[in-house]
Amino acid sequence: MDVGAAAHADETIHAGSSGRPTGTDRGSAGAGGGVPVVGTAASALVPFVPADLPDLLDFLVRADLTLSGLDAAGVRLWLLRDGGGRVCGSAGYELSAAGDHALIRSVAVDQDARGRGLGLELARFVLGRAAAAGARRAWLFSRRSGPFWQRLGFEPADRTRLAAVLADTHQVALFRASGQLGREVAWSRDLDPDASHPTPAR
C-alpha cells in the first residue's frame with residue numbers, strides 16, 4: 001500500500017449517509033458534485049469521525065492505500081467531500097510515542113480531482129498539522145509517488161530507521177507483521193513550524 005496524492009482512485013461512492021455535513025452544506029464545493037477549488041480545499045477538510053469509516057474505506061480501496069488502523073487512537077485523519085457529499089480526498093498522520101516524528105498516511109485525491117494541485121494542498125495541510133502537533137520530522141511510505149513528495153522537500157530515507165523511530169505506530173506494526181516492510185520505499189523531510197513550505201530533509 002502506498003501513500004500518494006496522485007491516487008489511483010477511479011471513482012468515489014455517494015457518502016451522504018454518515019450524518020456529517022456534505023460539501024454542499026458547507027458551501028465548500030460547487031454544484032453538481034464538483035470538488036473544492038484549489039486554495040479552498042484545506043479549509044473544506046473536516047476531521048474524521050467513526051461514522052465516516054465506511055465512506056473512507058471505500059475511497060481508500062479505490063486509491064489502493066492502507067485500510068488498517070484508520071480508527072486507531074493515534075491516527076489523525078481529515079476528509080474532503082465534493083458537492084454531492086462523496087469523499088474525494090483524505091490526509092492524515094500518526095505520531096511517534098515521543099511526538100517528534102510523524103508518519104504521513106492516507107493522502108489521496110479522487111481521479112477526477114487530479115492535476116489541479118489539490119494533492120499538494122492536502123499534503124501541505126497535513127504536514128502543517130503534524131508540525132503544529134510537535135513533530136519535527138515527517139516520514140512516509142511510497143513506492144509510486146516519489147516525484148510528488150520530492151516537490152514537498154522529501155528525500156529517500158532508510159526504511160529501517162523509519163521503522164525504528166515510528167515502531168509504535170499502527171502502520172509500521174502492520175507492515176512488520178505482514179512482511180510488507182521490506183518491500184516499501186521510505187521518504188523523509190525535516191519539519192519546521194511553517195511546514196507548508198518545502199524544507200529538504202538533512
Side-chain angles (χ1 to χ4, degrees), residues 1-5 7 9 42 45-57 59-61 63-80 87 89-109 119-146 148-149 152-193 195-196 199 201:
M1 300 296 178
D2 199 9
V3 174
L45 285 165
V46 294
F48 168 85
V49 297
D52 292 321
L53 186 58
D55 294 347
L56 181 57
L57 285 172
F59 173 69
L60 292 180
V61 164
D64 191 25
L65 297 182
T66 300
L67 306 179
S68 180
L70 297 172
D71 55 354
V75 177
R76 299 291 179 265
L77 290 165
W78 290 264
L79 306 183
L80 184 68
V87 174
S90 65
Y93 68 84
E94 293 185 71
L95 287 180
S96 62
D100 54 344
H101 294 273
L103 181 63
I104 306 302
R105 59 172 297 175
S106 306
V107 177
V109 294
L120 288 170
E121 189 171 349
L122 298 192
R124 289 185 177 116
F125 168 87
V126 79
L127 289 170
R129 286 301 183 100
R136 291 296 170 259
R137 178 170 282 271
W139 304 77
L140 59 89
F141 294 113
S142 182
R143 292 174 298 191
R144 296 187 303 253
S145 301
F148 169 85
W149 291 107
L152 289 161
F154 281 84
E155 294 181 349
D158 182 351
R159 63 172 173 261
T160 302
R161 172 67 175 156
L162 183 161
V165 300
L166 289 156
D168 52 338
T169 61
H170 183 94
Q171 191 171 17
V172 168
L174 173 68
F175 284 2
R176 281 189 185 279
S178 67
Q180 186 172 327
L181 183 63
R183 299 189 296 273
E184 290 296 333
V185 178
W187 301 83
S188 184
R189 59 161 277 186
D190 288 342
L191 291 179
D192 56 40
S196 63
T199 303

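Hydrogens, waters and symmetry mates play no part in the numbers below; they use all other heavy atoms, side chains included.
- Between the CD atom of Gln180 and the OG1 atom of Thr66 there is a distance of 6.0 Å, given to the nearest 0.5 Å.
- Here the CZ-CG distance, from Phe59 to Leu80, works out to 8.5 Å after rounding to the nearest 0.5 Å.
- Residues Ile104 and Ala138 approach most closely at CG1-CB, 4.1 Å, considering heavy atoms.
- Between atom CG of residue Leu79 and atom CG of residue Asp55 there is a gap of 8.0 Å, rounded to the nearest 0.5 Å.
- Atom CG of Leu140 and atom CD of Gln171 lie 9.5 Å apart (nearest 0.5 Å).
- Here the shortest heavy-atom pairing between Leu95 and Ala133 reads CD1-CB, 4.0 Å.
- Two residues are said to be in side-chain contact when any heavy atoms from C-beta on lie closer than 4.5 Å; Leu60 and Leu70 meet this criterion.
- Listed here is the closest heavy atom pair of Val107 and Gly92: CG2-N, 4.3 Å.
- Formation of a donor-acceptor pair under 3.5 Å by the Ser145 side chain with backbone atoms of Phe148 is not found in this model.
- Within the 4.5 Å cutoff, side-chain heavy atoms of Leu103 are placed close to those of Phe141.
- The aromatic rings of Trp78 and Phe125 sit perpendicular, their planes meeting at an angle over 60°, well past the 30° parallel limit.
- Using bins of under 30°, 30° to 60° and over 60° for the plane-to-plane angle, the ring pair Phe154/Trp149 lands in the perpendicular bin.
- At a threshold of 4.5 Å between non-hydrogen side-chain atoms, the residues Arg189 and Leu127 count as touching.
- Asp190 contributes atom CG, which lies 9.0 Å from atom CD of Glu155 (distance to the nearest 0.5 angstrom).
- The nearest pair of heavy atoms linking His101 to Ala135 is C-CB, 4.2 Å.
- Residue Phe175 holds its CZ atom at 10.0 Å from CG of Leu162, rounded to the nearest 0.5 Å.
- Here the closest non-hydrogen pair linking Arg143 and Arg183 is CD-O, 3.3 Å.
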For side-chain contact (heavy atoms from CB on, under 4.5 Å), just list the numbers for Arg105 and Thr169, CA-CA rounded to whole Å, side-chain angles, deciding distance to a tenth of an Å, and then say yes or no. CA-CA 11 Å; Arg105 59 172 297 175; Thr169 61; over 6 Å; no

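- Heavy atoms only, all atoms of each residue included: Arg159 and Gly182 are closest at NH2-O, 3.0 Å.
- Between Val172 and Glu94, the closest side-chain pair of non-hydrogen atoms is not below 4.5 Å.
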